[in-house]
Amino acid sequence: MESLLVLVGLIVLAIPVTLIALLVGHSRLRRRVEQLEAQIDALASGDATVLPQPEQETPAPQPAAEEKPRRPAPWSVPKRQEDNSADAQDAEVSSPAVVFRHDRFAALGAWLRENWFYVVSALSLALAGIFLVQYGVENGLLPPAARVLAALGFGAVLILAGEVLRRKFGDDEEAATAYLPSVFSGAGLVTLFGAILSARQLYNLIGAETALAGMVVVALVGLVLGWFHGPLLAAVGLIGAFAAPFLVGGASDDPSWLYAYFLLVAVLGLGIDTVRRWAWISVLTLFGAYAANLLLVTGTPSMESGYLIAATVLALLATAIPVRRIWPNHAGPMLSEMIRRPKARPWPEFPTRLAAGAIAASTVILSWHWADTEPEFWLGVSLLSTLVLALLLWAKDAPALRDLTVLPAAGLVVFVASHGLENGAVLDRFAGTYAETPEADYPMVVTVLVALGGLMSALMAWRSFTTSQYRAVWAGGAALFAPVLAIALEVGWHPASVIGAYPWALHAIALAVLMVVLAERFARVDGDDRMRAALATLSALSCLVFACVIVLSSSALTVALVASVVVAAALDRRFILPPMSWFIWAGVFTVTVRLVLDPGLDWANSAPVSEMAMVYGAATLGFVVGWWLLRPLKRPLAALLLESAAWATAGILLSLLLLRWLEGFGDGGADNSHWGLGLLAVIWLLLAFAQVQRFGLGGKLNYLRYLLALFFAAHGLFYLLLALADQNPLFDPNADPVLGAPVLNTLAVAYLLPALAIGGSAWRIREMPKPIMQASFAVAGVLAAVWLGLAIRHVWQGAAGMYEGNGVTQPELYTYTIVLLLIGAALFYQSLARRSDLMRKAGLAVIGLAVAKVFLIDIAGLGGLIRVFSLLALGLALAGLAWLNRWAKLRHSPQRAEPLDH
């Protein structure tokens with residue numbers, strides 16, 4: 001039985017060899033037949049004399065018309081080693097390879113359909129070598145050492161066979177033996193890798209150091225072979241080398257050395273492609289390395305540390321090897337430039353894109369990895385910091401890689417914040433520092449992380465000092481990174497709850513000091529160009545605000561934010577720092593949110609009046625002072641923001657003071673009285689008009705301003721409707737009573753004050769869209785009319801008789817008529833004086849309303865002398881208006897008035 005198995009094994013091994021021999025023979029036979037056909041055609045035409053040619057000599061070239069088109073290969077034709085001319089190198093640099101193209105995938109499919117047997121042959125030979133070393137495990141036919149030696153010998157024979165074929169017949173696509181040298185040599189490399197892996201994993205014949213040394217030798221052999229063979233050898237060798245550990249099987253107490261093996265294979269693939277420039281071989285190498293590492297760590301989760309280190313090393317290898325430099329020097333455009341202007345700039349070169357993909361993949365692996373233990377957390381921080389430092393220092397001469405620094409930097413912030421948000425091991429120990437031992441040592445974890453952020457910012461500032469391009473961008477990175485990392489600690493770790501508010505605030509102040517130093521250095525170097533100094537100053541102000549957030553109370557924090565806005569405006573005026581407008585914009589937005597939402601109007605309605613007045617008064621005064629400071633400068637954005645915020649905040653302050661004062665006179669409040677609802681409507685409408693005033697700034701943020709204006713206006717109109725309907729003392733007998741003397745009472749607060757706020761805002765904002773202005777004046781007019789009517793009723797009926805069920809007295813009804821006539825006359829006169837057709841129509845409408853009221857209501861509702869006086873007043877008013885109209889025409893017309901009988 002064992003002899004039969006040996007025979008079957010030999011037959012299986014002989015199948016691919018026989019298949020390849022038949023293919024070689026068939027290719028030679030086909031070439032000879034083509035030569036004979038060409039000679040017969042030439043003899044038949046009489047154009048050439050055909051002589052017998054030896055089989056080994058190259059046949060005469062066929063006419064161009066009879067050349068058969070070759071199918072495209074999935075890779076470019078490999079350049080010969082002697083083709084090292086300057087023109088070829090320039091062409092290679094100016095036309096970087098684009099790997100994932102439709103034509104390449106189509107060519108790959110066509111090549112596989114025609115040459116699939118080469119792939120199957122390579123797979124069969126590689127599996128034969130791997131299974132040879134495993135043969136007889138159950139039966140023990142050969143000792144382990146003999147199996148390993150047999151596999152090594154088989155691999156060496158395959159490589160030797162491939163080299164003989166390549167040297168004698170060639171490996172180009174025109175040769176009959178095309179791809180066969182690559183098939184044999186690639187399968188031989190896989191067999192050698194499998195033999196060494198089996199000696200280590202299956203039989204434990206050698207140690208990890210010896211295994212790695214042997215694999216280095218095999219990798220070097222493969223590297224040399226890859227430079228001479230086509231891409232098929234590289235692909236077969238890489239795929240087989242990555243798959244070999246999983247095919248060999250076996251068990252090991254510490255398989256972490258396989259990470260070094262996969263890195264070695266990655267060096268092999270990248271080393272081959274750095275000379276041949278097939279591009280897709282490098283992509284295949286990185287994909288195989290990342291995938292193999294992932295499969296390895298999935299099977300053995302205890303080796304996560306090795307997985308993270310391997311991911312970092314892969315990114316560094318993918319950066320250095322493709323450019324063949326210890327210190328990377330990637331030139332050309334950056335990836336961000338291509339994304340920002342895809343049509344204006346060419347694609348970055350392939351080594352740049354390869355490094356970007358590897359750095360992005362490694363950053364994702366490191367930043368999203370969950371650190372189970374404290375050493376894993378610090379390892380993740382160290383590796384992400386290593387990537388940042390590598391791009392800052394190691395790749396300082398690679399201008400195409402500058403924008404990639406943002407990837408590991410952002411990954412470090414995400415990793416630190418997520419560890420805190422998910423209650424990681426380091427945070428758990430940090431939070432419990434003083435839980436059991438109040439005299440425990442001060443925990444240094446947040447201090448170390450903040451210091452690390454400061455170091456990164458300092459190095460980014462150093463890059464800004466030493467580079468000639470994108471100096472402001474590097475300065476912006478220096479101004480942002482350390483504060484953002486500190487904010488991530490605040491959001492995820494809450495250090496103040498452990499070490500105290502003041503010690504934690506000192507960290508923010510230390511960062512502010514660092515930014516002040518950078519601002520001074522930038523200002524000393526740049527002279528009149530103050531962009532970098534402004535960015536560092538903005539960062540310093542932000543750090544100080546952050547410190548205030550930590551230690552100050554809610555009201556004190558709002559005042560501190562307002563003070564920072566004033567300081568920013570003062571710095572801009574003193575040193576001409578246009579970027580301060582960004583800080584002013586952020587400060588105005590933050591203060592407005594605090595005044596309206598958090599702690600907002602609810603806090604203002606319950607806090608002590610003095611404290612509330614101090615906060616809103618300081619905000620109003622600060623906005624006015626900031627606007628005054630910026631008046632001599634051309635800062636339309638910041639000036640308009642401060643002006644609109646000052647108007648809105650001043651109105652809110654007056655409304656809140658009036659609201660708090662009126663609450664002391666009755667039981668009604670902001671939500672259940674006509675005057676409270678009117679004041680709330682004023683607050684929200686002022687906020688809406690502040691956004692409308694900012695429409696003139698333009699830009700994409702206008703869409704946000706439209707939404708905010710609509711949101712604020714909807715709130716204001718909702719409160720107005722409640723004041724007009726539910727809490728209107730005219731319609732609800734249980735509504736909160738009217739407080740105050742006639743005319744000067746809560747009715748004016750509820751209805752006249754919103755009318756003045758709306759009409760005044762529409763008159764004040766010069767660039768308000770016309771439809772909004774017309775709607776504002778219309779709403780203001782309606783509210784003023786409602787207030788006037790209710791005020792007249794209050795004069796004659798008093799607070800107790802406001803309900804409409806009490807009826808209307810004759811003097812009240814007569815007063816309405818007189819007031820309508822006076823308003824109509826005033827409008828009519830103004831229309832003549834200003835020659836306004838709109839005002840004339842409005843005056844006629846009011847007069848018509850008065851006439852209709854007299855004839856439809858007053859005649860029936862009035863009696864005695866009041867009816868007489870009503871009709872008399874109407875007649876005299878109409879006569880007077882007719883005289884006024886004729887006098888105006890005579891005064892303004894160059895011709896005399898025409899008689900009636902004309």
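Every pair passing side-chain hydrogen bond (donor to acceptor under 3.5 Å, both in side chains) that includes a residue from residues 395-414 is listed here, sequence neighbours excluded: Ser336-Asp403, Arg402-Gln469.
With hydrogens and angles ignored, the 3.5 Å screen pairs a side-chain donor or acceptor of Ser418 with a backbone N or O of Val414. No donor-acceptor pair under 3.5 Å is formed between the side chain of Thr274 and the backbone N or O of Leu270. For Tyr259 (side chain) and Met303 (main-chain N/O), a donor-acceptor pair under 3.5 Å exists by modelled atom type. Between the Ser367 side chain and the Phe415 main chain, no donor and acceptor come within less than 3.5 Å of each other.
Applying the side-chain contact (heavy atoms from CB on, under 4.5 Å) test between Pro348 and each of Met334, His330, Glu337, Arg353 identifies Arg353 as the sole match.
Counting only heavy atoms from C-beta outward, the side chains of Ser362 and Tyr290 approach each other to under 4.5 Å. Val283 is listed as a side-chain neighbour of Phe350, based on a closest heavy-atom distance under 4.5 Å. Residues Val267 and Ile321 meet the side-chain proximity criterion, which asks for heavy atoms closer than 4.5 Å. Two residues are said to be in side-chain contact when any heavy atoms from C-beta on lie closer than 4.5 Å; Ile365 and Asn293 fail this criterion.
In this structure, Glu304 CD and Thr298 OG1 are separated by 9.5 Å, a value rounded to the nearest 0.5 Å. In this structure, the separation between OG1 on Thr466 and CH2 on Trp474 is 9.0 Å, given to the nearest 0.5 Å. In this structure, CG in Leu354 is found 5.0 Å from CG in Leu286, a value given to the nearest 0.5 Å. Rounding to the nearest 0.5 Å gives a distance of 11.0 Å between CG of Leu317 and OG1 of Thr312. Rounded to the nearest 0.5 Å, atoms CG (Leu295) and CG (Leu258) are 12.0 Å apart. Atom CZ of Phe481 is separated from atom CG of Leu452 by 6.5 Å, given to the nearest 0.5 angstrom.
In this structure, Pro351 and Pro322 approach most closely via the heavy-atom pair CB-CB, 4.0 Å. Nearest heavy-atom pair, Ile281 versus Gly269, reported as atom, atom and distance to 0.1 Å: CG2-O, 3.9 Å. The heavy-atom pair separating Pro328 from Val323 by the smallest distance is CA-CG2, 4.4 Å. Ala355 approaches Thr319 most closely through the heavy-atom pair CB-OG1, 3.8 Å. Closest approach of Leu393 and Trp327 over heavy atoms only: O-CZ3, 4.3 Å. For the pair Ala310 and Leu263, the tightest heavy-atom approach, listed with the atom from each and the gap, is O-CD2, 3.8 Å.
Counting heavy-atom neighbours within 6.0 Å of Trp368 CH2, excluding the residue itself, gives a total of 12 or less.
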Which pairs of donor and acceptor atoms, one on a side chain in residues 376-392, lie under 3.5 Å apart (sequence neighbours left out)?
from   : atom 1 : to     : atom 2 : distance (Å)
Glu376 : OE1    : His369 : NE2    : 3.1
Glu376 : OE1    : Asp372 : N      : 3.4
Ser382 : OG     : Trp378 : O      : 2.7
Ser385 : OG     : Val381 : O      : 2.7
Thr386 : OG1    : Ser382 : O      : 2.7

